[in-house]
Number of protein chains: 2
Amino acid sequence: MDKQNLKQAGLKATLPRLKILETLENNPDAHMSAEDIYKVFMDSNDIDIGLATIYRVLTQFESAGIVCRHRFEDGRAVFELDHGKHHDHMVCMQCGDVAEFVDDVIEQRQREIAQKFGFQMTDHCLYIYGICSNCQSQSK
Amino acid sequence: MDKQNLKQAGLKATLPRLKILETLENNPDAHMSAEDIYKVFMDSNDIDIGLATIYRVLTQFESAGIVCRHRFEDGRAVFELDHGKHHDHMVCMQCGDVAEFVDDVIEQRQREIAQKFGFQMTDHCLYIYGICSNCQSQSK
DNA sequence: ATCAATGCAAAAACTTTGCACTGAT
DNA sequence: ATCAGTGCAAAGTTTTTGCATTGAT
């Protein structure tokens, strides 16, 4: 994902946009909120990008199909690069960690259910919420 | 759902709580936000319940297992009565209609996936988005 | 040079909280 | 009478917007 992709999407290759892309690429497993990305910039003192810009850019990226926006149960909106392959999410309610998975049985079953209802499926998402193994072992 | 249920949950049977229950019962298919419920009260001029109370009551109801909280695409939290049976949602992107369904194969599969990841599942939800049969036949 | 993009601050949208008053038991 | 429950207003969160300035082409 680079300048070319941005231009194809009709977006100028500005520093904020490139930095946001770079940050998402550097954290492929972290589903980051706008604030998360902002904090990364704050910590590396040489980048000065406003939070409003991050929100704007992420929304543009979503429209352009560059990122996916998810709304987890705790209300925060998080983003990940859209690599084109569908997957579902398992969210730890304690540490916020997100694992991704795909299950062919479930995928198939969803198609069958939609068909049974005469429903023309355009998208679907499955969230499993709970406590990840890491947090379980750390709990007192 | 009545005074008895509230008392069982350790909640006093107050007017706001009874009215909120009643409103959710009167709109079994509408997944309502706190604001939606507030508007119902505003419109029927004889009920005067503060928005903060509605938020508080809904959160208590959620803890008590009386209602389920869902997050819709726009980020608002919506609620529906919890009839005890878990179900998933199929949302028509055209008419906004919501159909509910349960599939034992998917339910089982989710448990297996969570277990495989050592994940202690507390909740899960599946949304299928698309166009319902009704809208398909009406499309021009 | 042009017009999109940004930063900042202000506001909007949604939700929670502090506190004094009210009401169910 | 008691203490949970409520209303209101104020504050907290998260996200959006207005506007003057900056920057990519």
Side-chain angles (χ1 to χ4, degrees), chain A residues 2-23 31-42 44-64 66-79 93 96, chain B residues 2-23 31-42 44-64 66-79:
Chain A
D2 62 354
K3 296 190 179 191
Q4 287 313 95
N5 300 80
L6 287 177
K7 287 179 190 158
Q8 282 166 23
L11 299 171
K12 287 183 181 170
T14 61
L15 189 75
R17 298 211 254 237
L18 291 170
K19 283 294 173 190
I20 289 170
L21 269 186
E22 188 186 309
T23 303
H31 292 65
M32 305 182 82
S33 68
E35 197 95 26
D36 291 336
I37 294 172
Y38 184 63
K39 281 189 199 120
V40 171
F41 295 155
M42 297 301 273
S44 79
N45 303 345
D46 53 56
I47 310 172
D48 191 33
I49 296 175
L51 187 53
T53 299
I54 297 175
Y55 275 106
R56 265 186 298 232
V57 168
L58 286 171
T59 302
Q60 292 159 346
F61 281 4
E62 188 191 16
S63 303
I66 295 171
V67 303
C68 288
R69 183 196 300 250
H70 297 282
R71 301 235 182 223
F72 290 148
E73 208 164 71
D74 59 5
R76 63 204 167 110
V78 296
F79 299 83
M93 299 308 278
Chain B
D2 61 353
K3 296 192 178 191
Q4 287 312 96
N5 300 82
L6 287 178
K7 287 180 190 160
Q8 281 164 25
L11 299 170
K12 286 183 180 169
T14 62
L15 189 75
R17 298 211 254 237
L18 291 169
K19 283 294 172 189
I20 289 169
L21 270 186
E22 187 186 309
T23 302
H31 293 64
M32 305 182 84
S33 68
E35 197 94 26
D36 290 336
I37 294 172
Y38 184 63
K39 281 189 200 119
V40 171
F41 294 155
M42 297 301 273
S44 79
N45 302 345
D46 53 54
I47 310 173
D48 190 33
I49 296 175
L51 187 52
T53 299
I54 296 175
Y55 276 107
R56 265 186 298 232
V57 168
L58 286 171
T59 302
Q60 293 160 345
F61 281 4
E62 188 189 16
S63 303
I66 295 171
V67 303
C68 287
R69 183 194 301 250
H70 297 281
R71 294 265 167 196
F72 269 12
E73 69 291 339
D74 62 357
R76 288 163 61 135
V78 296
F79 299 83

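Reminder, nothing fancy here: chain letters follow the sequence lines and each chain counts from 1.
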Whole Å only: how far is the [atom1] atom of [X] from the [atom2] atom of [N]?
{"X": "A:Ile54", "N": "D:dT17", "atom1": "CD1", "atom2": "P", "answer": "17 Å"}
{"X": "A:Arg71", "N": "D:dT14", "atom1": "CZ", "atom2": "P", "answer": "12 Å"}
{"X": "A:Glu35", "N": "D:dG12", "atom1": "CD", "atom2": "C1'", "answer": "12 Å"}
{"X": "B:Met32", "N": "C:dC14", "atom1": "CE", "atom2": "P", "answer": "15 Å"}
{"X": "A:Tyr38", "N": "D:dT15", "atom1": "OH", "atom2": "P", "answer": "15 Å"}
{"X": "A:Ile49", "N": "C:dA5", "atom1": "CD1", "atom2": "P", "answer": "15 Å"}
{"X": "B:Ile47", "N": "D:dT6", "atom1": "CD1", "atom2": "P", "answer": "14 Å"}
{"X": "B:Phe79", "N": "C:dT15", "atom1": "CZ", "atom2": "C1'", "answer": "10 Å"}

Under 3.5 Å, is there a donor-acceptor pair between the A:Ser33 and A:Arg76 side chains?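 A:Arg76 and A:Ser33 do not have a side-chain donor-acceptor pair below 3.5 Å.
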Counterpart residues, side chain to side chain donor-acceptor pair (under 3.5 Å), relative to [X] (two or more places apart):
{"X": "A:Thr23", "result": "none"}
{"X": "B:Glu22", "result": "none"}
{"X": "A:Arg56", "result": "none"}

When you check the phosphate oxygens OP1 and OP2 of D:dT15, does a side-chain N or O of A:Tyr55 lie under 4.0 Å from one of them?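 Yes.
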D:dT13, OP1 or OP2 - any side-chain N/O from A:Arg76 closer than 4.0 Å?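 So the side-chain polar atoms of A:Arg76 never come under 4.0 Å of the phosphate oxygens OP1 or OP2 of D:dT13.
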Grab the two heavy atoms, one from [X] and one from [Y], that are nearest each other, plus how far apart they are.
{"X": "B:Ile37", "Y": "B:Met32", "answer": "CG1-CB, 4.0 Å"}
{"X": "B:Thr53", "Y": "B:Pro16", "answer": "CG2-CB, 3.8 Å"}
{"X": "B:Tyr38", "Y": "B:Ile49", "answer": "CE1-O, 3.2 Å"}
{"X": "A:Ala9", "Y": "A:Ile66", "answer": "CB-CD1, 4.3 Å"}

Which is more 5' along DNA chain C, the nucleotide nearest A:Gly10 or the one nearest B:Leu51? Just name the residue.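 It is A:Gly10 whose nearest nucleotide is closer to the 5' end.
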Side chain of A:Asp48: nearest nucleotide among C:dC8, D:dT6, C:dT15?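 The answer is C:dC8, which lies nearest to the side chain.
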What's the closest nucleotide to the B:Thr53 side chain, out of C:dT16, D:dT6, C:dT6?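 Looking only at heavy atoms from C-beta outward on B:Thr53, the closest nucleotide is D:dT6.
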Can you run down the side-chain hydrogen bond (donor to acceptor under 3.5 Å, both in side chains) pairs that involve residues 8-20 of chain A, sequence neighbours left out, and say none if there aren't any?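 Counting only pairs at least two positions apart or across chains, the side-chain hydrogen bond (donor to acceptor under 3.5 Å, both in side chains) contacts touching residues 8-20 of chain A are A:Arg17-A:Gln60.
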Return the residues of residues 56-64 of chain B meeting this criterion: a heavy atom under 4.0 Å from some atom of DNA chain D. Order them by number, or give none.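 Per residue number, the list reads B:Arg56, B:Val57.
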Would you mind classifying the nucleic acid contact of A:Ala77 as base, sugar-phosphate or nothing, using non-hydrogen atoms under 4.0 angstrom?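 A:Ala77: backbone/sugar contact only, no base atoms under 4.0 Å.
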Contact state string [nucleotides 20-25 of chain D, B base, S sugar-phosphate only, - no protein heavy atom under 4.0 Å]: ---BBS
